[in-house]
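Encoded as structure tokens, the structure appears first; notes follow it.
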Amino acid sequence: MRPNILAHVQIRLPNRNFRSIIIYGFIRIMKLQKLLSMVRRCDADFGLIEQGDKIAVGLSGGKDSLALLYALASYRRFCTNSFELCAVVIDAGAGADFSPLVPLCEKLDVPLHIVKTEIAPIVFEARREKNPCSLCSKMRRGALDGKLNELGYNVLALGHNADDMVETLLLGMLYEGRLNTLQPKSYLDRAGIKLIRPLLYVREKETAAFVREYSAPVVVNPCPANGFTKRETMKSLISEMCKITPDAFERIHSALTHPERNNLIKK
């Protein structure tokens, strides 16, 4: 009988702390890989990124724009079409602290540009808008477009996610009587800018989990209207729909991302 040469071999496993570090690192990598796979799929399905694009991430400091920043910073390493990347923050003058974003962008090797404006005082003090979100959004977009033109960047990447897409559909149907949603890619002819939304396959809960896992520096939104918008009402409506039909969200999102299945009235 041949001796068992492994009988006297002692296999020493790493200690518990080391194993925890390995597992934690693996989980972080897997979360980034999952995020990247959905960004890559969105890019492949809608042709978001072209060779030589100069992409600016509209960085608000919220979870979605932070997840988008991480994703595109990694995606540029293996994307078929090479592209440049920077981040642009529009400081609306509401008192938000964007300083934690500086070391993050340095770590990701992404140039950061912070544009100071007086949007908040204009919207909430001078104009005293009853529905401030629309005007604020237009002014922020105008500031973003202006900065991109100044920098010579031709693409604006925004962090709208799958939840935003479905909520926009419901907002249009219930408040405007029309079918409308966020587009993965569109062109702003006057500004000469291409607008892309690479996170439209990503759920909001996934971006929240990602930034939590990476301890990303989420900037607190000091907007007085935060949490009191029609979009928040749509979130509640979707939650109630899913209690009745658990796959309701996925079905609506699938209908939006597969327009070839539509069978609407045509005049």
Side-chain angles (χ1 to χ4, degrees), residues 35-36 38-43 45-50 53-76 79 83-92 96 98 101 105 108 110-115 117 119 133-149 151 153-169 171-172 180-204 206-208 210-211 216 218-219 221 223 226 229 231 253 256-257:
L35 181 66
L36 282 172
M38 289 184 281
V39 168
R40 178 164 51 186
R41 179 181 156 209
C42 192
D43 181 25
D45 286 352
F46 302 106
L48 304 184
I49 299 175
E50 300 174 68
D53 273 345
K54 301 181 74 174
I55 303 174
V57 174
L59 186 61
S60 67
K63 60 185 180 305
D64 299 318
S65 66
L66 284 169
L68 178 60
L69 180 67
Y70 272 95
L72 290 181
S74 297
Y75 189 45
R76 64 183 167 178
C79 180
F83 61 90
E84 295 182 36
L85 187 66
C86 79
V88 177
V89 172
I90 301 300
D91 184 346
F98 296 105
L101 301 178
C105 287
L108 297 176
V110 176
L112 173 64
H113 306 274
I114 299 179
V115 181
T117 72
I119 293 175
C133 296
S134 177
L135 178 60
C136 181
S137 176
K138 289 178 181 178
M139 294 182 71
R140 290 169 64 88
R141 280 286 296 278
L144 276 170
D145 294 347
K147 188 61 178 180
L148 262 68
N149 285 329
L151 295 171
Y153 276 64
N154 67 311
V155 182
L156 173 61
L158 297 180
H160 296 114
N161 56 48
D163 293 64
D164 294 318
M165 194 179 194
V166 173
E167 291 158 13
T168 300
L169 172 71
L171 283 167
N180 176 60
T181 192
L182 300 172
Q183 297 295 321
K185 179 174 65 175
S186 58
Y187 294 91
L188 310 176
D189 294 331
R190 290 185 179 181
I193 292 172
K194 178 174 67 174
L195 172 64
I196 62 173
R197 296 182 171 97
L199 297 185
L200 288 187
Y201 285 154
V202 184
R203 290 296 307 269
E204 183 178 23
E206 291 170 326
T207 62
F210 178 86
V211 297
V218 175
V219 175
N221 183 4
C223 175
N226 187 36
T229 65
R231 191 168 289 276
H253 185 265
L256 290 173
T257 54

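Because the structure is predicted, anything quoted here is derived from the model rather than measured.
Of all heavy-atom pairs spanning Ile55 and Ile196, the tightest one is CD1-CD1, 4.4 Å. Between Ala67 and Val211, the shortest heavy-atom contact is N-CG1, 4.2 Å. Contact record, Asp64 with Gly159: CB-O, 3.1 Å, taken as the closest heavy-atom pair. Closest of all the heavy-atom pairs between Thr117 and Ala92 is OG1-CA, 3.4 Å. Here the shortest heavy-atom pairing between Pro198 and Leu68 reads CG-CD1, 3.8 Å. Nearest heavy-atom pair across Val110 and Ala87 is CG1-N, 3.7 Å.
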Does the side chain to side chain contact (heavy atoms under 4.5 Å, CB included) test come out yes or no for Glu206 and Met38, once each step is laid out?
CA-CA 11 Å; Glu206 291 170 326; Met38 289 184 281; 3.7 Å; yes
Side chain to side chain contact (heavy atoms under 4.5 Å, CB included) between Leu112 and Phe98: does it pass, once the steps are laid out?
CA-CA 11 Å; Leu112 173 64; Phe98 296 105; over 6 Å; no
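Taking CG from Asn149 and CG from Asn154, the interatomic distance works out to 10.0 Å, rounded to the nearest 0.5 Å. Here the straight-line distance linking atom CG of Leu199 with atom CG of Leu35 works out to 6.5 Å at 0.5 Å rounding. How far CG of Leu200 is from OG1 of Thr181: 7.5 Å, rounded to the nearest 0.5 Å. Rounded to the nearest 0.5 angstrom, Leu72 CG and Phe83 CZ are separated by 5.5 Å. For the atom pair OG of Ser65 and CG of Leu158, the computed distance is 9.5 Å after rounding to the nearest 0.5 Å. Note that the CG atom of Leu85 and the OG atom of Ser74 stand 10.0 Å from one another [nearest 0.5 Å].
In this structure, the side chains of Arg141 and Leu156 come closer than 4.5 Å at one or more pairs of heavy atoms. Asp45 is listed as a side-chain neighbour of Tyr201, based on a closest heavy-atom distance under 4.5 Å. At least one side-chain heavy atom of Ile119 sits less than 4.5 Å from a side-chain heavy atom of Cys136. Considering only heavy atoms from C-beta on, Cys42 stays 4.5 Å or farther from Val202 through its side chain. For the pair Leu66 and Thr207, the minimum side-chain heavy-atom distance is 4.5 Å or more. Between His113 and Leu151 there is a side-chain heavy-atom pair separated by less than 4.5 Å. Residues Tyr153 and Val88 fail the side-chain proximity criterion, which asks for heavy atoms closer than 4.5 Å.
In terms of modelled atom types and a separation under 3.5 Å, the side chain of Asp163 and the main chain of Glu204 share a donor-acceptor contact. In this structure, Thr168 contributes its side chain and Leu182 its backbone to no donor-acceptor pair below 3.5 Å. Using a distance-only test at 3.5 Å, with no hydrogens or angles considered, a donor-acceptor pair links the side chain of Arg231 to the main chain of Asp164. Although no hydrogens or angles enter the test, the distance criterion places a donor-acceptor pair under 3.5 Å between the side chain of Lys194 and the main chain of Leu48. Not a single donor-acceptor pair under 3.5 Å links the side chain of Arg76 to the backbone N or O of Glu84.
Atom NZ of Lys54 has more than 12 neighbouring heavy atoms from other residues, nucleotides or ligands inside a 6.0 Å radius.
Ring planes of Phe210 and Tyr70: perpendicular class, angle over 60° (limits at 30 and 60°).
Looking at Arg190 and Asp145, no side-chain N of the basic residue comes within less than 4.0 Å of a carboxylate O on the acidic one, giving no salt bridge.
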